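Here is the structure we will look at, set down as structure tokens.
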Amino acid sequence: MNIAFEINGAERSVDVEPRTLLVDLIRTRLGMTGTHIGCDTSNCGACTVLLDGRPVKSCTVLAPMVAGRKVTTVEGLASGGKLHPIQEGFHAEHGLQCGFCTPGMMLVGAALIESNPHPTEDDIRWGISGNICRCTGYMNIVKAIQHAAASKAAENTAGVA
Amino acid sequence: MFPAAFDYMVPASLDEALGLLSRHGDDAKVLAGGQSLIPLLKLRFAAPVVLVDIGRIDGLEGIRRENGHVRIGARTRHRDLESATELRGTLDALLDAAPLISDPLIRNMGTVGGSICHADPAGDWGAVMLAVGAEFVVRSSSGERVLPASGFFQGPFTTGLRADEVMTEIRVPVPTGRSGGTYLKLERKVGDFASVAAAVHVVLGEDGRVTAAGIGLCAVAAQSTKATAAEAALVGQAPSDEVIAEVARLAAQAAEPKADIRGSAEYKRDVTRVFVQRGLRTAINRAQGVAA
């Protein structure tokens, strides 16, 4: 069947078997390998993407379910050669070790600071509770999201002034 | 892992969906948020011939108050119920349960009605809906039925819903009088199913006595369980520590837990007792307006 949807701001139309998982559509058909397959059982969050701005596990979404909707992957975070604040945060705070969970963590973090611009540490830990870092680098992931929230807030303040 | 092949149907209206279900019967499966069904499809525990995606049908989502009920569209996401803070103070059990379901990403996709219809004995909403006395509105081509939560859960993954029916709405009566409730869940980690969980809901009369009580148990029997003897023992009583302890003991007797990786049967039964006791204290404090 044919499905049309938006991915990282671009309209795409693809023919898929209805049983195709969103993560396979993104990685195999569209060639965007930033979205990872970790557990493939809805546990780890490595396959996190944003669906209409909300983080979801793309291993547990069928491709046809996103027809007409907006998908954002890690490739959609930076724009015009400029890193997204969440990417800067992970860079500045060493928010990754092996990097496997990082795309998911960054998307969850980006969605969190969008809906809650001043998250507490508890808010952040709650927000990332569906994403597993098997290096156990959670301390720096939390700092990275705090860093991103602070720089985004500063950016907004500067914009107002 | 990917599912076995199926025909994928995306009806634009509820009537169209119901027509498909009456035509395909047991060969069809309804897809809402997919957070229980898609894992089953991937494991090939489920291999429906036809998948009917109700995700495009208008009018199945949202929470509103009408005619003494909170009406929750069956396709409302867990996340949206979690954010329905206007329910605080009247239906605390719903608000306390929502954030404990799986993890935040699953709650963004998974739906309240889908979870209820899936009827996992360790699913959270079953116990909550039994405690708050919910009713489920279900539709088929031949009409609408309203099924009380009590009696709906008949066994593991087995409910009173027929193969040609879709759940459209959950109706929760708004308590008249001072009410309080909560949901307590023991889980090994975020995202795990409950080892044990309990939902409680109480309404107090003018004289401070309990006029209505609901106690729902999760993961301690073959289906979500209503602790009716415990409820009956609480109604009409002035809630004292002794009464609460006795009610909790009766609730634990309604549990029929099985030993598994999450604990022994004795352990689960005793956690049931402790959770009902703690939950009732919180619920009664809330109903009395005492900070819990």
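By convention in this document, chain letters (A, B, ...) are assigned in the order of the sequence lines, proteins followed by strands, and residues within each chain are numbered from 1. Note that the structure is a prediction, hence the values are computed from the model and not measured. Excluded from the calculations below are hydrogen atoms, water molecules and symmetry mates; all remaining heavy atoms, backbone and side chain alike, are included.
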query = Which one of B/Val10, B/Asp53, B/Leu31 has the most heavy-atom pairs closer than 4.5 Å to chain A?
reply = B/Leu31
request  = Please determine if A/Arg19 and B/Asp7 form a salt bridge, counting it only when a charged side-chain N lies under 4.0 Å from a carboxylate O.
outcome  = no
query = Within a reach of under 6.0 Å around CG of B/Asp26, are more than 12 heavy atoms found that belong to other residues, nucleotides or ligands?
reply = no
inquiry  = Any side-chain to backbone donor/acceptor pair from B/Arg56 onto A/Met65? Under 3.5 Å, distance only.
reply    = yes
Atom CD of B/Glu86: over 12 foreign heavy atoms under 6.0 Å = yes
task = Output the option from A/Ile37, A/Asp40, A/Thr20 having the highest count of non-hydrogen pairs under 4.5 Å with chain B.
result = A/Asp40
task = Report, as yes or no, whether the 6.0 Å neighbourhood of atom CZ on B/Arg65 holds more than 12 heavy atoms from other residues, nucleotides or ligands.
result = no
inquiry  = Please determine whether the number of non-hydrogen atoms from other residues, nucleotides or ligands lying under 6.0 Å from atom CG of A/Asn2 exceeds 12.
reply    = yes
ask   = To the nearest 0.5 Å, how far apart are CE in B/Met109 and OG1 in A/Thr60?
value = 9.0 Å
task = With a 4.5 angstrom heavy-atom cut-off, could you sort out which part of B/Leu51 is near chain A: side chain, backbone, both or neither?
result = side chain
inquiry  = I need the B/Leu105 CG to A/Asn43 CG distance, nearest 0.5 Å.
reply    = 11.5 Å
task = Could you tell me which residues in residues 85-112 of chain A have at least one non-hydrogen atom under 4.5 Å from a non-hydrogen atom of chain B, sorted by residue number?
result = A/Val108
ask   = Between atom SG of A/Cys59 and atom NZ of B/Lys42, what is the distance when rounded to the nearest 0.5 Å?
value = 4.0 Å
message = Other residues, nucleotides and ligands only: do more than 12 of their heavy atoms fall within 6.0 Å of OH on A/Tyr138?
response = yes
inquiry  = How about CZ on B/Phe157, more than 12 heavy atoms from neighbouring residues, nucleotides or ligands closer than 6.0 Å, or not?
reply    = yes
inquiry  = Just so I know, are the side chains of A/Leu62 and B/Phe6 near enough to count as touching, which here means a heavy-atom distance under 4.5 Å?
reply    = yes
inquiry  = Quick one, B/Ile106 and A/Ser42 - any side-chain contact, counting heavy atoms below 4.5 Å?
reply    = yes
key: Engaged part of A/Met1 at the chain B interface, taking heavy atoms whose separation is under 4.5 Å   = side chain
key: Part of A/Ile128 within contact of chain B (heavy atom distance under 4.5 Å)   = neither
inquiry  = For the NZ atom on B/Lys29, are there more than 12 heavy atoms of other groups (residues, nucleotides or ligands in this structure) within a distance under 6.0 Å?
reply    = no
query = Backbone N or O of B/Ala5 within a donor-acceptor pair of the A/Glu17 side chain at under 3.5 Å?
reply = no
key: Qualifying residues under side-chain hydrogen bond (donor to acceptor under 3.5 Å, both in side chains), relative to A/Ser79, sequence neighbours excluded   = none
ask   = Would a distance-only check, ignoring hydrogens and angles, find a side-chain to backbone donor-acceptor pair under 3.5 Å from B/Asn108 to A/Pro55?
value = yes
request  = Heavy-atom distances under 4.5 Å only: say whether A/Leu21 touches chain B with side chain, backbone, both or neither.
outcome  = side chain
ask   = If you look at every heavy atom in A/Trp126 and B/Pro104, which pair is closest and at what distance?
value = O-CG, 3.4 Å
